[in-house]
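Protein chains get the first letters and strands the later ones, always in sequence-line order, with residue 1 at the start of each.
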Amino acid sequence: MTAPKTNSGRFFEDFAVGQVLEHATPRTLTTGDAALYMGLYGARFAVQSSDAFARALGYAQAPLDDLLVFHTVFGKTVADISLNAIANLGYAECRILRAVYPGDTLDAASEVIGLRENANRASGVVYVRTTGRNDRGDIVVQYVRWVMVRKRDPASAAPAPVVPKLPERVDPAGLGQAVPVLDVARYDVRLAGAPHRWDDYAAGERIDHVDAMTVEEAEHQTATRLYQNTAKVHFNLHEQAQGQFKRRLVYGGVVMSLARALSFNGLANAFHIAAVNGGRHVAPCFAGDTVYGWSEVLERAEIPGRRDIGALRTRLVAAKNRSCADFPLRNANGDYADGVILDLDLWLVLPRR
Amino acid sequence: MTAPKTNSGRFFEDFAVGQVLEHATPRTLTTGDAALYMGLYGARFAVQSSDAFARALGYAQAPLDDLLVFHTVFGKTVADISLNAIANLGYAECRILRAVYPGDTLDAASEVIGLRENANRASGVVYVRTTGRNDRGDIVVQYVRWVMVRKRDPASAAPAPVVPKLPERVDPAGLGQAVPVLDVARYDVRLAGAPHRWDDYAAGERIDHVDAMTVEEAEHQTATRLYQNTAKVHFNLHEQAQGQFKRRLVYGGVVMSLARALSFNGLANAFHIAAVNGGRHVAPCFAGDTVYGWSEVLERAEIPGRRDIGALRTRLVAAKNRSCADFPLRNANGDYADGVILDLDLWLVLPRR
Amino acid sequence: MTAPKTNSGRFFEDFAVGQVLEHATPRTLTTGDAALYMGLYGARFAVQSSDAFARALGYAQAPLDDLLVFHTVFGKTVADISLNAIANLGYAECRILRAVYPGDTLDAASEVIGLRENANRASGVVYVRTTGRNDRGDIVVQYVRWVMVRKRDPASAAPAPVVPKLPERVDPAGLGQAVPVLDVARYDVRLAGAPHRWDDYAAGERIDHVDAMTVEEAEHQTATRLYQNTAKVHFNLHEQAQGQFKRRLVYGGVVMSLARALSFNGLANAFHIAAVNGGRHVAPCFAGDTVYGWSEVLERAEIPGRRDIGALRTRLVAAKNRSCADFPLRNANGDYADGVILDLDLWLVLPRR
């Protein structure tokens, strides 16, 4: 007899705190990925769009979009971590630590940093810290996420609960490592599309990004495959038609990228996502839904040692099938308002005056 | 208070003759864009498909498709010129002046060359001459377009009307600047797909391009985002469902590229669009429509100083949901026939014998 | 009068045994094509995904997917061979003979090796051997296919039947020419996603690939255009709506690539398709169908002179809108079971211990 060859995914019992999972498949990102990413979301940030613009500032060439890097690393973890997941519960402490350029190869590993069985004993929460590296061994992205994973057997014993203490936000002192020291005088706000620099934003400011994008099945599937993310809920209509939603679910990362692309209108010079402090996929998104977005500036922070750039902590909210002109977030009960699908807490980097 | 950060677009009152608008976002085009463009339209012209074929002729490598260059430059102008446009009325004097290769970065500026308030005082026509340049400062494309733009306030005063005099067609003496002097003996008509050279076409000849393409929402959205064209009518179903057409409009440039790709069948050696003498988007195209095309040869012109190539002036017509075997154009009243959606007047370049 | 310029395709009478057809359009494949191919199918084989992984083994860089190469060559033949085809009947003796890298330009020629009029005299079967070469003249892929082609005139005389003798399978002695001698010690099964090497599979073993993919119109159209395959049944809804199926047909090559990508789950180290011994598109696939797949190991063969790699002959079956957990193939009558759409006979290459 030959051994079974297919991957049926880990259950809650298969994880142990301290365990390190090294993920398949290493992936070289290229200008081809950058072009397809552009076609899928239409972002207009000048640094990622133009080699000439990026080089003038001090980059080797146009770096790849931060979320393309994030999704590529995330995609690798699915087969090892979330194939039997019930829900992706949250992100924390995500830091983009190095610019990724076309030609760089990324791989990823995750360490289990927490485990807690649920009261119903049918599932538990798994906390992992995932690290993505380039082919020179440099860490390019690192983040914590936690997912609810089914138990193979509700009766099986569970380990003592370990819940990692996660910071509310990434310390701004560590931001901007992926950004070379910029020749800010050469940052051409006219080419970049708006005059507003870091100095021009203030905590409490809210920005409706106005534009919106309707998502198609072919688009989210193509995006999700590009990240080699194989979670079947995004691809298998035949099976999903029997499920709760009767249709395929759009990968939450697609909503993140759409909201980020829309945020250009109002945050044109926020050219880099330095960190994701936290994030929740509040409600599902389906093909045919139209995604809008708005941002609130939560905090403006200097980055020690950097006079060229500053950090803006923003909440980026995406809503579907409703304008964000009224900045939807919570309803009177404190629950997320109808239509809100994404609530992200970001550190953005902008050039200073 | 912080200043509003989003772009709500210019109204008719915001334009002045002589005003120069420098557009965001500079964009490096790559082989990734070329591949996606191929996947979206399926053109088969050998010069743009094969580095080996292009190099044998004298190009540095396969140049990017002329319309990819045009749409990229056009896309940049939308946020500054046509966000509040009611209609894109026409093009003239569009010339492709230099081959664009993967790695080139394009940016764009437009000069306002005409303004004329409409009789209803609610809107006016804005004429601009747009110039796209590569990162060495060379002009790669230049064209005039005019759009109907809403007034912010119908009661506001309008400037004295200025209507530019536009030539009926680009002078053939200026054509072919984007084409190196070709080693025509090495132009392999067998590899290119058809034996017919410039010499083999005659004014009055009509060609049904036979093939056809049905457009999908995901396709036109992906194409339009690739050009960083943000006009919301192409992307926002939630809003469009309340509008005149109840659905998203396909960007006219997508129809141009589809018709151009279809024209390979009959014009396989017309490897370069040297100029667009004029163009009208006669009727809207929607996802689900099937686009056919036909061409009429209007004029055959030598290009002074060039024995390698000649110019063919053609009318390229696209129609939807009807074959072009009967060359649809006008009905008995002189109006465009049902189904006609595009009427382009082009200068094409072909190798000579 | 000018000569007709469009290609209406060859009829059965237009073929003669020994005739060589050199096909348009040469095509340079790039990392852009690789990225789009990834976005369309989501394969996860490490060799094609990562320059770093491929280089460690002895490749110059990540080679392009074997089926991308096959479809590109196949696409070129459509205009010359199958524009008037009624059906694509089969493949045999397909061998991938050389790795194709981004930047390589492919062209193709076909020799007619067999002709046989059908009993109804309305059509006949045309056998061709197609050869795809890179721009250095190396053969990269060669295969035989046979198609049923309409006669222009049922009354016309037919040539004496010539039916080529085709081997049931490619001799394993000739396999692996596209694979450099691998430094197998550096083949990292952890990065590749599964521990199973050639030695771990056995004849008779059956593998359900578990995962599945629903196909969208925009996806199969984009894929098929990427290969410059112009067969109108894939693109023209307006015409197809009047036909037998009332809708567009998915190009069979899309189903092949989907099934191949799905087969990663169970065959993660089968990084190369060395040969297609035979293949049948058993039933049509349409947008909205969900494709599943399973494989059976038919034979395990050493490759003379190669200690690094071995060959696995597998049957790769794709079915639509049904799980492959029960390995669907034939029904009680010996006909293909409901839902089966593809039956491929492959030689796969895997690293040995």
(message) Between C/E217, C/E22, C/K232, who has the most heavy-atom pairs with chain B when the cutoff is under 4.5 Å?
(response)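 Looking at each of C/E217, C/E22, C/K232 in turn, C/E22 comes out on top.
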[X] versus chain C, the contacting section by heavy-atom distance below 4.5 Å:
X      : result
B/A46  : both
B/D208 : backbone
B/A34  : neither
B/Y292 : side chain
B/A212 : both
B/A43  : backbone
B/Y41  : backbone

Under 4.5 Å heavy-atom distance to chain B, tell me which part of [X] shows up: side chain, backbone, both or neither.
X      : answer
C/D135 : side chain
C/A79  : side chain
C/L237 : both
C/H23  : backbone
C/D33  : both

Just by modelled atom types, is the [Y] backbone N or O under 3.5 Å from a matching donor or acceptor in the [X] side chain?
X      : Y      : result
B/S49  : C/T25  : no
C/K5   : B/D200 : yes
B/S50  : C/R27  : no
C/N236 : B/T214 : no

(message) Within the supplied structure, the quantity of interest is the number of heavy atoms (other residues, nucleotides, ligands) at a distance under 6.0 Å from B/D338 CG; does it exceed 12?
(response)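 No.
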Enter the distance from [X]:[atom1] to [Y]:[atom2] here, rounded to the nearest 0.5 Å.
X      : Y      : atom1 : atom2 : result
B/H209 : C/T6   : NE2   : OG1   : 9.5 Å
C/T230 : B/L262 : OG1   : CG    : 10.5 Å
B/F264 : C/N7   : CZ    : CG    : 9.0 Å

(request) State, to 0.1 Å, how close C/A218 and B/A218 come at their nearest heavy-atom pair, and which atoms those are. (result)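 Taking C/A218 first and B/A218 second, the nearest heavy atoms are CB-CB, 3.7 Å.
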(message) With heavy-atom distances below 4.5 Å as the criterion, would you say the side chains of B/D289 and C/H238 are in contact?
(response)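 No. Closest side-chain heavy atoms not under 4.5 Å.
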(request) With the side chain counted from C-beta on, respond yes when C/R225 and B/M213 share a heavy-atom pair under 4.5 Å apart, and no when they do not. (result)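 Yes, their side chains come closer than 4.5 Å.
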(message) Any donor-acceptor pair under 3.5 Å linking the side-chain atoms of B/E219 with those of C/Q221?
(response)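 Distance-only check passes for C/Q221 and B/E219.
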(request) Using a cut-off of under 4.5 Å on heavy-atom pairs, state which of B/L191, B/T31, B/T222, B/D211 scores highest against chain C. (result)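 Sorted descending by pairs with chain C, the first entry is B/L191.
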